[in-house]
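Everything on this sheet refers to the single structure shown next.
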Amino acid sequence: EEEEIERIYKGYRDKMATLPKYRGWSTLHLCQYQGFWFQPKIGLEGVMWVQQRFKPRPTDVYLATNPKSGTTWLKAIVFSIMNRKRYNNFTTDHPLLKFSPHEVVPFMELDLFRTTPIADPEILPSPRILATHIAYNMLPESIQNSSCPIVYICRNPKDVFVSFWQFSVKMRPKDLPELSSEEAFDLFCHGVTPCGPFWDQALGYWKASVEFPNRVLFLKYEDMKTEPLLCTKRIAEFLGQPFSLQEEENGIVQEIVKLCSFENMSNLEVNRNGKSRVRAEVKNDVFFRQGKVGDWKNHLTDEMIERLDQITKHKFDGTGLIV
Ligand code: A3P
């Protein structure tokens, strides 16, 4: 078994060695694979594993995002919705008060592929909630052809860039040469981001949501901020678990929204000072910065704004997707 696993991973590494490389954000390089960019070790190996070996279950629920688009938030909301019968105390005794959302909802390509006991996909109880940054067209056919719901969250690329840049400053190992904000901006515009290009990744899920509206729900971070109650109800309905009148009257939706709010989550001890058990090198607080819409106004020059807007317009023109 051990030897077999080593043989498989050697195959992945051999494949990676042949791929185009470019400058990375919090790794030295990103590798281009099937039109998207991935971090070689934590990332691409997992993507290959998902494509070849991941076994979906009919009860699975998938959460898909571009990094820095609200993954942490979506994980918290969907976990709370799906487990609300079991965990119905949202203020004093809920897993999200003790564990990071990333711990209760693992990433398929990051947390499952190396068999560690807490993240072994085969021992996770059903229904599994699994997150991914993998582009829609790169998902294994077994997932694309399944009837499992996929919830996608999209965010304005200007805020995604700012969030990504701040994140990678914290995550970039000190022994790598610094990545300036200008260089990072250039990389982002050229689509060279982990799991990017941003636009292509978003478009894949957008098109799937238009084609299969019952299977792919396309949400926007900005809408979740302005209408959190409505969005939470919509997610619950989409997942086939609508809130009952009784639950609504009891204020369950409000409780979930409050539990998962940036203000609440970012102030919890576990998210301020905790570390993930799944990926111990990552501190939980890196996933909580400001949680606002429009912080790009404080960071981007007019020239940068125009350049990003132009790319977005060009890429999304005629698709119906407006961000
Ligand atoms: P900012 O850097 O703009 O603050 P991801 O979870 O996909 O990595 O995205 C991280 C971004 O989502 C960060 O954005 C982070 O602050 C924000 N975020 C994290 N938790 C959130 C929450 N509960 N509500 C709203 N935004 C949240």
Side-chain angles (χ1 to χ4, degrees), residues 25-26 39 42-43 62-81 90 94-97 99-111 129-135 151-171 181 184 188 193-196 198 201-202 205 219-232 235 254-268 270-272 274 276 278-279 282-300 308 323:
W25 291 63
S26 45
Q39 303 188 152
I42 309 261
Y62 301 109
L63 312 182
T65 57
N66 251 302
K68 304 305 125 201
S69 299
T71 321
T72 314
W73 192 14
L74 185 65
K75 282 181 174 188
I77 290 180
V78 172
F79 179 87
S80 306
I81 290 174
F90 301 94
H94 193 278
L96 287 172
L97 299 170
F99 299 104
S100 154
H102 294 289
E103 212 156 314
V104 297
V105 179
F107 283 106
M108 291 199 281
E109 68 273 23
L110 301 179
D111 301 324
I129 310 171
L130 300 172
T132 186
H133 293 315
I134 302 178
V151 184
Y152 184 84
I153 181 165
C154 183
R155 190 180 188 190
N156 186 294
K158 297 195 283 284
D159 277 333
V160 172
F161 165 70
V162 170
S163 183
F164 225 141
W165 159 242
Q166 308 274 335
F167 179 77
S168 57
V169 167
K170 291 178 206 149
M171 297 293 285
S181 65
F188 191 90
T193 50
C195 312
F198 167 89
Q201 204 256 26
Y205 284 96
L219 298 167
K220 293 179 189 160
Y221 182 95
E222 294 74 18
D223 294 343
M224 303 241 302
K225 279 303 263 195
T226 46
E227 300 271 18
L229 288 172
L230 206 74
C231 290
T232 303
I235 296 171
Q254 278 91 342
E255 295 234 44
I256 290 177
V257 166
K258 202 168 157 208
L259 169 68
C260 300
S261 70
F262 182 85
E263 292 64 34
N264 186 56
M265 294 241 110
S266 61
N267 281 312
L268 295 172
V270 62
N271 295 325
R272 288 164 62 107
S276 169
V278 185
R279 279 168 291 137
V282 182
K283 278 196 70 202
N284 294 339
D285 70 349
V286 295
F287 294 100
F288 301 90
R289 191 181 63 95
Q290 284 203 344
K292 290 193 178 134
V293 171
D295 186 39
W296 55 267
K297 295 188 188 102
N298 304 315
H299 295 270
L300 304 185
L308 262 188
V323 292

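Since we're looking at a predicted model, the values are computed, not measured. In listed order, ligands and their atoms are each counted from 1.
Annotation: atom 15 (C) of ligand 1 to nearest protein heavy atom, Phe287 O, 3.3 Å. For atom 16 (O) of ligand 1, the nearest non-hydrogen atom of the protein is Arg289 N, 2.9 Å. The protein heavy-atom contact nearest to atom 21 (C) of ligand 1 is Phe262 CD1, 3.7 Å. Summary of contacts: the protein heavy atom closest to atom 6 (O) of ligand 1 is Thr72 OG1, 2.5 Å. When only non-hydrogen protein atoms are considered, atom 22 (C) of ligand 1 lies nearest to Trp73 CG, 3.5 Å. For atom 9 (O) of ligand 1, the closest non-hydrogen atom of the protein is Lys68 CA, 3.2 Å. For atom 7 (O) of ligand 1, the nearest non-hydrogen atom of the protein is Thr71 OG1, 2.5 Å.
A cation-pi arrangement is not found for Lys158 relative to Phe188, the charged atom failing to lie both closer than 6.0 Å to the ring centre and inside a 45° cone about the ring normal.
Of all the atoms in ligand 1, the ones that sit under 4.0 Å from a non-hydrogen atom of Ser163 are 1 (P), 2 (O), 3 (O), 11 (C), 13 (C), 14 (O). Within ligand 1, the atoms closer than 4.0 Å to a non-hydrogen atom of Ser261 are 23 (N), numbered from 1 in the order shown.
The shortest N/O to N/O separation between Lys225 and ligand 1 does not fall below 3.5 Å. Ligand 1 has no nitrogen or oxygen under 3.5 angstrom from a nitrogen or oxygen of Lys292. At least one N/O-N/O distance between Cys260 and ligand 1 falls below 3.5 Å. Annotation: Pro67 places no N or O atom under 3.5 Å from an N or O atom of ligand 1; distance criterion only.
Remark: the backbone N or O of Pro67 is not paired with any side-chain donor or acceptor of Thr71 at under 3.5 angstrom. Looking at Arg155, its side chain does come within 3.5 Å of a backbone N or O of Lys68 through a donor-acceptor pair. The closest donor-acceptor contact from the side chain of Asn264 to the backbone of Cys260 lies at 3.5 Å or more, if one exists at all. The main-chain N or O of Asn284 is never found under 3.5 Å from a side-chain atom of Asn271 such that the two would form a donor-acceptor pair. Of the possible donor and acceptor atoms, none in the side chain of Gln201 sits under 3.5 Å from a partner among the backbone N and O of Cys195.
If you check each of Gln166, Gln290, Arg155 against atom 3 (O) of ligand 1, the one with the closest non-hydrogen atom is Arg155. In this structure, of Tyr221, Trp296, Phe167, Phe288, the residue bringing a heavy atom nearest to atom 17 (C) of ligand 1 is Tyr221.
Separation of the Phe167 and Trp25 ring centroids does not fall under the 6.0 Å cut-off.
Between Ser181 and Phe161, the shortest heavy-atom contact is O-CZ, 4.0 Å.
Each of Ile77, Leu230, Ile153 was scored for a side-chain contact (heavy atoms from CB on, under 4.5 Å) with Ile235, with one residue passing: Ile77.
Within a 6.0 Å radius of NZ in Lys170, more than 12 heavy atoms belonging to other residues, nucleotides or ligands are found.
Separation of atoms CZ (Phe288) and CG (Leu268) is listed at 7.5 Å; rounding is to 0.5 Å.
Residue contacts with ligand 1: Lys75 is excluded, as none of its non-hydrogen atoms falls under 4.0 Å.
Looking at Ser69 against ligand 1, only its backbone comes within 4.0 Å, counting heavy atoms.
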